[in-house]
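Would you mind keeping the following structure in view while I ask a few things?
Hydrogens, waters and symmetry mates play no part in the numbers below; they use all other heavy atoms, side chains included. Lettering follows sequence order; numbering is per chain, from 1. This is a predicted model, so every value here is computed, not measured.
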Amino acid sequence: MNKFKITMAALIGFAMASGAQARDQIEIVGSSTVFPFATAVAEQFGRTSKFKTPVIESTGSGGGMKLFCAGIGLEHPDVTNASRRIKSKEFKKCQDNGIDLTEVVIGFDGIVLANAKGAPQLELTRKQIYLATAKMVPDPNKPCQSNWCEPVANPYEKWNEIDPSLPDAKIEILGPPPTSGTRDAFQELAMSKGANKFPHMKALKKADKKMWKKLTRTVREDGAWIDAGENDNLMVSKLAANPKAVGVFGYSFLDQNSDKIKGAIVEGIQPTFDNIAGGKYKISRSLFFYIKHAHVGTVPGILEYVAEFTSEKAFGEEGYLLDKGLIPLPAADRQKYRNDGKNLTKLSM
Amino acid sequence: MTDYSDPQYRAARLKKRYRAERRFRAYGLAAVLSAALILVFLLSSIIYSSLPAFSHHHVRLDIEVSSDYVSAEAPADGNYLGMVRAALRQQFPEVTARSDKRALYQILSIGAYDDIQKRVIADPSLIGSTMSLYVPLSDDIDLMLKGLIDRNLPESERIVSDRDLQFVDKLLSEERIRSQFAIALFTNGDSREPEMAGIRGALSGSLLTLVVTLIVSFPLGVLAAIYLEEVAPKNRFTALIEVNINNLAAVPSIVYGLLGLAVFINFFSMPRSAPLVGGLVLALMTLPTIIIATRAALSAIPPSIREAAMGVGASRFQVIMHHVLPLAMPGILTGTIIGLAQAAGETAPLLMIGMMAFIVDVPGDVTAKATVLPAQIYMWANNPERAFVARTSAGIVILLTLLLVVNATAIYFRRRFEKRW
């Protein structure tokens, strides 16, 4: 029994000691959308530099910000990835903890709606996407009165009930779960923007933003929208097997599986590489990462990692991140963020 | 009124009872068969889809280890990538334009130079010689050669471009391409390139985690069980403890992860993503299982053993250490191994303490950053590259094999040492 006591004491002592140890490996947390790009950069960085390969955790954008802004010190992460901009609340928390940070935009990611190769080509507008996915929609059977349409539980069961030009098929959408940044972006860029095509919704946004958010960003729960994996190869096989189903996911999955699925045309624009890069395809967002200034110099290699990420051979027009599905920024922006990363330009909000 | 003595009635009733019995047996058999069928279907589909991960196509290149790329003084700083690319270019003297060259390099894996680098660093005298080596092709080319990407599709619908096809066809006609066993799957840590991604990092992470779990939970669990079963008075307080232990065994595992995050990482400031913390969390999760199994094993020992030992003057401590515990050991070990097998397949609590992470280096000790097998499988499933589909299934096959070995050990122990009273 003595032996056991010694083991336990040694174990706990060891753990305490190691907690305070210096760290020679960059720790990165954050978005699962940025994860495939950050890991590719980290691996290249580990292969081609004298530094250790950074450790990257996929915690989601919000979870990453929480860990990142918790404080300065080696137990906290050095970099956080995000599929949206830092929120003012999060920025304030960072400031309260004395954290100065630099923002780097790495590129764009398009959100596509896709169905099986053999299924009819979908041509949607954001308004139609809103009508197909929202929980409450303006009542189609009741004329709007004095700039207000009564919201009712979504009555549309088939696509052609929304618009006769759409296929005569049941609405069946496989989308990302609520925890996902892809879902946040879809709600913001497709649903809310679509809802604003109704004048009364646009007016509501000014009058009662909370109500507007609730009406435009709540996804229907009657079975037409199914929470599926976020970035899941399984989803591609589900779509290929069921020609009626439509999937919502990041562009990189469409890119890798163009022999099995095809993207829906949104607002008359095909979800292609060039259209997303040129800003023509409407449902796309920027991807970010944030650097903690206080850790530069304490943890070796942070600036070198940032330089690798913002090098032309990584996020440039023919960089290796392209193969992973990242859509590059225009050249001037790339130069700007490369400089920001090098000079650690402080973010202020 | 029924006449029970009527032989005709009795014969009919007997027949009916036999029929009921046969039906009952058929139901049972059907239940077993359908369960077996589902299992066979599941296993065969996983194994079938994992097969492509166990082989990979390599191309034979004659690599000139020239002093232009590497010096004997510092072989570790050599430009091995350039060396391999030059060897590939030799096969295609007609490729000269910059963009064509870049497209040509794309058919090689990013790990194409690992082998030659290792060899030259181990033996710098190779500098100046020419070596004929098989280097891995990129994942897309490999998928196409395996027939998983249809080369007859129009170019816009497949990942492999027409130009790549020409390159590969030329190499094929020269018989330079062959399929090899994918040793990288077992020797490498994680990678973002499917052909370079291996299970070794996650496997060591899992083993380190389980060692910590075993060291902590086995002695604690067995001692707690001995105390509760053999020493503790039976009163309200011990009854309360017993209820709580049984209750803990049914708590969702993510709760242990939250506890681990709050206590081990935030309070004791232990490192994130470390097998030490993972092992401690899983030890907490496994404790109730071990305590319950140990108590069951102890109470199965007949009282006559204890009474006989006491009768010849053994103290309570001697009774337990010399007689009860050795006899109960097979049951205790079985319970522990089953608890560990359960811990080996757990991901939810590890998610909270950062063991779901991209880690390339293979962990060497319990404080190094590590991930575990089920977490690795989950991360591979989320990667967009097509070749990760097979890698994911291969990971599942390896995890299942590990669990099978562990459970078989448990059964062996039980069979070997179990005593029937």
query: Take atom OH in B/Tyr378; do more than 12 heavy atoms of anything else shown fall under 6.0 Å from it?
result: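 It does not: B/Tyr378 OH has 12 such atoms or fewer within range.
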- prompt: Can a salt bridge be assigned to the pair A/Glu318 and B/Arg102 using a cut-off of 4.0 Å between side-chain N and carboxylate O?
  reply: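 A salt bridge is present here (some side-chain N lies under 4.0 Å from a carboxylate O).
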field: B/Arg272 side chain near A/His76 side chain, heavy-atom distance below 4.5 Å
entry: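 No, too far: nothing below the 4.5 Å cut-off.
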Partner residues of A/Asn97 under the side-chain hydrogen bond (donor to acceptor under 3.5 Å, both in side chains) criterion, sequence neighbours left out: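 For A/Asn97, no residue satisfies side-chain hydrogen bond (donor to acceptor under 3.5 Å, both in side chains) once neighbours in sequence are set aside.
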message: Check this for me: does any side-chain nitrogen of one of A/Glu57 and B/Lys369 sit under 4.0 Å from a carboxylate oxygen of the other?
response: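 No, no charged N to carboxylate O under 4.0 Å.
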- request: Working to the nearest 0.5 Å, report the span between OG of B/Ser191 and CD of A/Glu43.
  value: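 One finds 3.0 Å between OG of B/Ser191 and CD of A/Glu43.
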query: Can you say whether B/Ser273 sits under 4.5 Å from chain A via the side chain, the backbone, both, or neither, judging by heavy atoms?
result: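 Just its side chain gets close to chain A.
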task: Give a yes or no on whether A/Lys93 atom NZ has more than 12 heavy-atom contacts from other residues, nucleotides or ligands under 6.0 Å away.
output: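 Enclosed: over 12 neighbouring heavy atoms sit under 6.0 Å from NZ of A/Lys93.
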- prompt: Between A/Gln25 and B/Ile359, is a side-chain contact (heavy atoms from CB on, under 4.5 Å) present by the stated rule, with each step listed?
  reply: CA-CA 11 Å; A/Gln25 206 169 13; B/Ile359 293 156; 5.5 Å; no
query: Out of B/Gly354, B/Ala357, B/Pro384, which one racks up the most heavy-atom pairs below 4.5 Å with chain A?
result: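 Top option by heavy-atom pairs under 4.5 Å: B/Pro384.
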field: Spatial distance of atom CD (A/Gln256) from atom CG (B/Asp140) [nearest 0.5 Å]
entry: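 That separation rounds to 6.0 Å.
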message: How long is the straight-line distance from OG of A/Ser252 back to CD of B/Glu385, given to the nearest 0.5 Å?
response: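 One gets 8.0 Å once the value is rounded to the nearest 0.5 Å.
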query: Which atoms of B/Met355 come close to chain A, meaning under 4.5 Å heavy atom to heavy atom: side chain ones, backbone ones, both, or neither?
result: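 B/Met355 has no heavy atom closer than 4.5 Å to chain A.
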message: More than 12 heavy atoms of other residues, nucleotides or ligands under 6.0 Å from NZ of A/Lys313: yes or no?
response: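 Result for NZ/A/Lys313: enclosed.
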- request: Measure the spacing between CD1 of A/Ile56 and CE of B/Met356 and express it to the nearest 0.5 Å.
  value: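 These two atoms lie 15.0 Å from each other.
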- request: Indicate the atoms forming the closest heavy-atom contact of A/Ala42 with B/Phe358, along with that distance.
  value: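 Minimum heavy-atom contact is CB-CE2, 4.4 Å.
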message: Can you tell me which portion of A/Lys50 sits under 4.5 Å from chain B's heavy atoms? Options are side chain, backbone, both or neither.
response: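 Contact with chain B: none, neither part.
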task: Could you tell me whether the side chain of A/Pro36 reaches within less than 4.5 Å of the side chain of B/Arg192, counting heavy atoms only?
output: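 A side-chain contact exists here, since the closest heavy-atom pair is under 4.5 Å.
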- prompt: In Å, rounded to the nearest 0.5 Å, how long is the span from CG of A/Asn257 to CZ of B/Arg158?
  reply: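 So the CG of A/Asn257 and the CZ of B/Arg158 are separated by 15.5 Å.
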message: Less than 4.5 Å apart, side chain to side chain, heavy atoms only: is that true for B/Asp114 and A/Arg47?
response: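 SC-SC contact between B/Asp114 and A/Arg47 confirmed.
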- request: List the atom of B/Val360, the atom of A/Thr53, and the distance in Å for their closest heavy-atom pair.
  value: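 Smallest heavy-atom distance, with atoms named: CG2-CG2, 3.5 Å.
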- prompt: Measuring heavy-atom distances to chain B, does A/Pro77 have an atom under 4.5 Å in its side chain, in its backbone, in both, or in neither?
  reply: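 For A/Pro77, neither part sits under 4.5 Å from chain B.
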field: Atom group of B/Gln106 that falls short of 4.5 Å from chain A, counting heavy atoms
entry: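 Side chain only.
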Pair A/Lys260 + B/Asp150, salt bridge at N-O below 4.0 Å: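 Result for this pair is no, no salt bridge flagged.
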message: Report which part of B/Ile110 has an atom under 4.5 Å of a heavy atom belonging to chain A: side chain, backbone, both, or neither.
response: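 Answer is both: backbone and side chain atoms of B/Ile110 are under 4.5 Å from chain A.
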field: Portion of A/Leu67 that has a non-hydrogen atom of chain B nearer than 4.5 angstrom
entry: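 Only the side chain of A/Leu67 comes within 4.5 Å of chain B.
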Which pairs of donor and acceptor atoms, one on a side chain in residues 209-225 of chain B, lie under 3.5 Å apart (sequence neighbours left out)?
residue	atom	partner	partner atom	Å
B/Thr209	OG1	B/Gly205	O	2.6
B/Thr213	OG1	B/Thr209	O	2.8
B/Thr213	OG1	B/Gly279	O	3.2
B/Ser217	OG	B/Thr213	O	2.7

